[in-house]
Undergrad: 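One structure, pasted below without further comment.
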Amino acid sequence: MFISFEGIDGSGKSTQARMLAEALSAAGHEVVATREPGGSPGAEEIRALVLQGDPERWSPESEILLFTAARRDHLERTIDPALTAGKIVVCDRFADSTRMYQGMRREGLRALVDELHRLMIGREPDLTFLIDIEPEVGLYRAKGRRGHEERFEDMGLELQERMREGFLGLAREYPARFVVIDGARAPEDVARDILARAQAALAAR
Ligand code: ADP
Ligand code: TYD
């Protein structure tokens, strides 16, 4: 089973992806925890190219190609081999992030993202947890751990609000795999909710 986590910056994806991977491992499953952009040596190199430096460094089109190239390598080297071996893959962000962050930049780009996805990736997670949170809370949390990968976190509140609405729209677009989780609770409460939903999905397979 392929599980992804999505949401705006600071929503708690990394925290929850780690907690779910730990809980599923403790329950006896073989779990591969990974992230995007990155998750394979080549994709981690592309990560540095897209997340560091001048915000104007790449055009939206070049950026879509870079994220998709990273995803293709990640899929070939990490995700597909793990799924073939019967493991559970828990991934912090996947293609829905490109649909939002690159696809919402300008009219027409979402179609480009979807077309490239169809050509080069062609797979969706089985289950996607959207951790939903007020942008104010997300920005406040994200600033607490600010480092050098801040090209996208400098976006500001208004854009984060559009992203939040966009992610909720994606959840309506793909209702079979999306589960929307209220992220404005203690991490343990959020994690309990997510584990229950993941176990139900595993039991139903
Ligand atoms: P994301 O991966 O979505 O950007 P993180 O998991 O890195 O989010 O969390 C961002 C910051 O907020 C971290 O410092 C983390 O410890 C903190 N955090 C995560 N979940 C919660 C929560 N439920 N309540 C309060 N703080 C949280
Ligand atoms: P991430 O490390 O998950 O940051 P955070 O923990 O702050 O959510 O992702 C880094 C940034 O990369 C994030 O701002 C969103 C952006 N991103 C895209 O723009 N497109 C993509 O396809 C992916 C996977 C991430």
Side-chain angles (χ1 to χ4, degrees), residues 1-9 11-44 46-47 50 64 66-103 110 113-132 163 166-181 183 190-205:
M1 182 149 94
F2 178 19
I3 303 174
S4 67
F5 280 82
E6 296 285 356
I8 60 176
D9 293 320
S11 55
K13 294 176 303 299
S14 313
T15 304
Q16 292 302 325
R18 181 175 38 78
M19 289 172 89
L20 178 64
E22 283 169 8
L24 291 174
S25 296
H29 295 284
E30 275 200 275
V31 181
V32 171
T34 186
R35 68 160 179 189
E36 290 207 347
S40 62
E44 290 288 335
I46 298 175
R47 180 184 176 98
V50 286
I64 292 169
L66 286 165
F67 277 109
T68 307
R71 179 159 308 124
R72 173 75 194 209
D73 191 63
H74 185 208
L75 197 64
E76 287 177 6
R77 316 256 171 174
T78 305
I79 298 176
D80 276 344
L83 293 174
T84 301
K87 297 174 185 170
I88 298 176
V89 172
V90 176
C91 192
D92 186 353
R93 293 195 186 278
F94 193 65
D96 296 315
S97 283
T98 317
R99 294 187 171 103
M100 289 297 100
Y101 287 84
Q102 282 67 49
R110 170 68 197 278
V113 170
D114 283 335
E115 181 65 359
L116 254 183
H117 181 83
R118 187 183 67 76
L119 288 169
M120 286 295 141
I121 309 298
R123 133 180 277 302
E124 302 295 345
D126 301 301
L127 181 60
T128 298
F129 289 109
L130 170 56
I131 309 197
D132 182 52
M163 288 295 160
F167 273 120
L168 290 168
L170 270 184
R172 289 190 292 273
E173 203 177 318
Y174 298 100
R177 67 177 165 91
F178 262 91
V179 175
V180 181
I181 298 285
V190 180
R192 196 175 314 113
D193 214 1
I194 288 173
L195 179 61
R197 300 300 291 256
Q199 281 173 330
L202 280 165
R205 282 167 79 82

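A quick note: this is a predicted structure, and the numbers were derived from the prediction, not measured.
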Undergrad: Closest heavy-atom contact between Thr34 and Gly39?
TA: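 Scanning both residues completely, I find the closest heavy atoms to be OG1-CA, 3.3 Å.
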Undergrad: Could you measure the distance from the CG atom of Leu168 to the CE atom of Met163? Nearest 0.5 Å is fine.
TA: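 CE of Met163 is found 13.0 Å from CG of Leu168.
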Undergrad: More than 12 heavy atoms of other residues, nucleotides or ligands under 6.0 Å from CZ of Arg77: is that the case?
TA: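 Not more than 12 within 6.0 Å, no.
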Undergrad: Measure across Pro125 and Arg177 and return the closest heavy-atom pair with its distance rounded to 0.1 Å.
TA: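 Nearest heavy atoms, Pro125 then Arg177: O-CD, 3.3 Å.
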Undergrad: Donor-acceptor check, side chain of Arg72 to backbone of Met120, threshold 3.5 angstrom: yes or no?
TA: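 Checking the backbone N and O of Met120 against the side chain of Arg72, a donor-acceptor pair under 3.5 Å is found.
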Undergrad: Is there side-chain contact between Ile131 and Ile194, with at least one heavy-atom pair below 4.5 Å?
TA: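 Yes, side chains in contact.
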Undergrad: Would a 4.5 Å heavy-atom cut-off, applied to side chains only, mark Ile121 and Leu116 as touching?
TA: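 No - every pair of side-chain heavy atoms lies 4.5 Å or more apart.
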Undergrad: Given Tyr101 and Phe67, is the ring-ring contact (aromatic ring centres under 6.0 Å, His included) satisfied, shown in steps?
TA: CA-CA 11 Å; Tyr101 287 84; Phe67 277 109; 8.4 Å; no
Undergrad: Nearest 0.5 Å please: distance from the OG atom of Ser4 over to the CG atom of Asp126.
TA: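 CG of Asp126 is found 9.5 Å from OG of Ser4.
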Undergrad: Working to the nearest 0.5 angstrom, can you tell me the gap between Leu75 CG and Phe94 CZ?
TA: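 The CG atom of Leu75 sits 5.5 Å away from the CZ atom of Phe94.
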Undergrad: If only atom types and distance count, is the side chain of Gln16 paired as donor or acceptor with the main-chain N or O of Ala191 below 3.5 Å?
TA: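 Yes, because the side chain of Gln16 sits within donor-acceptor range (under 3.5 Å) of the backbone of Ala191.
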Undergrad: Over all heavy atoms of both residues, which pair between Val32 and Ala82 is shortest? Give the atoms and the distance, please.
TA: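 Shortest heavy-atom separation between Val32 and Ala82 comes out as CG2-CB, 3.8 Å.
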Undergrad: Can you tell me how far apart NZ (Lys87) and OG (Ser25) are? Round to the nearest 0.5 Å.
TA: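 Here the rounded value is 11.0 Å.
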Undergrad: Before you tell me yes or no, could you show the steps for Thr78 and Asp73 under side chain to side chain contact (heavy atoms under 4.5 Å, CB included), namely the whole-Å CA-CA distance, both residues' side-chain angles and the distance that decides it to 0.1 Å?
TA: CA-CA 8 Å; Thr78 305; Asp73 191 63; over 6 Å; no
Undergrad: Tell me whether Arg197 at atom CZ has more than 12 heavy atoms from other residues, nucleotides or ligands lying less than 6.0 Å away.
TA: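 Check fails, neighbour count at 12 or below.
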Undergrad: Identify the heavy atoms of Ala17 and Val90 that sit nearest to each other, and give their distance.
TA: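 Shortest heavy-atom contact: O-CG1, 3.7 Å.
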Undergrad: What is the distance from atom CD1 of Ile3 to atom CG of Leu20, rounded to the nearest 0.5 Å?
TA: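 Here the rounded value is 5.0 Å.
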Undergrad: For the atom pair CG (Asp96) and CG (Leu170), what is the distance rounded to the nearest 0.5 Å?
TA: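 Reported value, rounded in 0.5 Å steps: 5.0 Å.
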Undergrad: Salt bridge or not for Asp114 and Arg118, using N-O below 4.0 Å?
TA: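 No, this pair does not count.
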Undergrad: Determine yes or no for a side-chain-to-main-chain donor-acceptor pair under 3.5 angstrom, with Arg35 supplying the side chain and Asp92 the backbone.
TA: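 Judged by distance alone, no pair lies under 3.5 Å.
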Undergrad: Are Glu6 and Phe167 packed together at the side-chain level, in the sense that at least one heavy-atom pair is separated by less than 4.5 angstrom?
TA: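 They are in contact (side-chain heavy atoms under 4.5 Å apart), so the answer is yes.
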Undergrad: Quick one: closest heavy-atom pair of Ser97 and Arg93, and the distance?
TA: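 Answer, listing the atom of Ser97 first, then Arg93: OG-NH1, 2.9 Å.
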Undergrad: What is the minimum heavy-atom distance between Ala171 and Val180, and which atoms define it?
TA: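 So the minimum-distance heavy-atom pair works out to CB-CG2, 3.8 Å.
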Undergrad: Evaluate Leu202 against Ile88 for side chain to side chain contact (heavy atoms under 4.5 Å, CB included), listing each step before the verdict.
TA: CA-CA 10 Å; Leu202 280 165; Ile88 298 176; 3.9 Å; yes
Undergrad: Can you tell which of Glu124, Arg123, Arg71 makes a side-chain hydrogen bond (donor to acceptor under 3.5 Å, both in side chains) with His117?
TA: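 Of the listed options, the one satisfying the test is Glu124.
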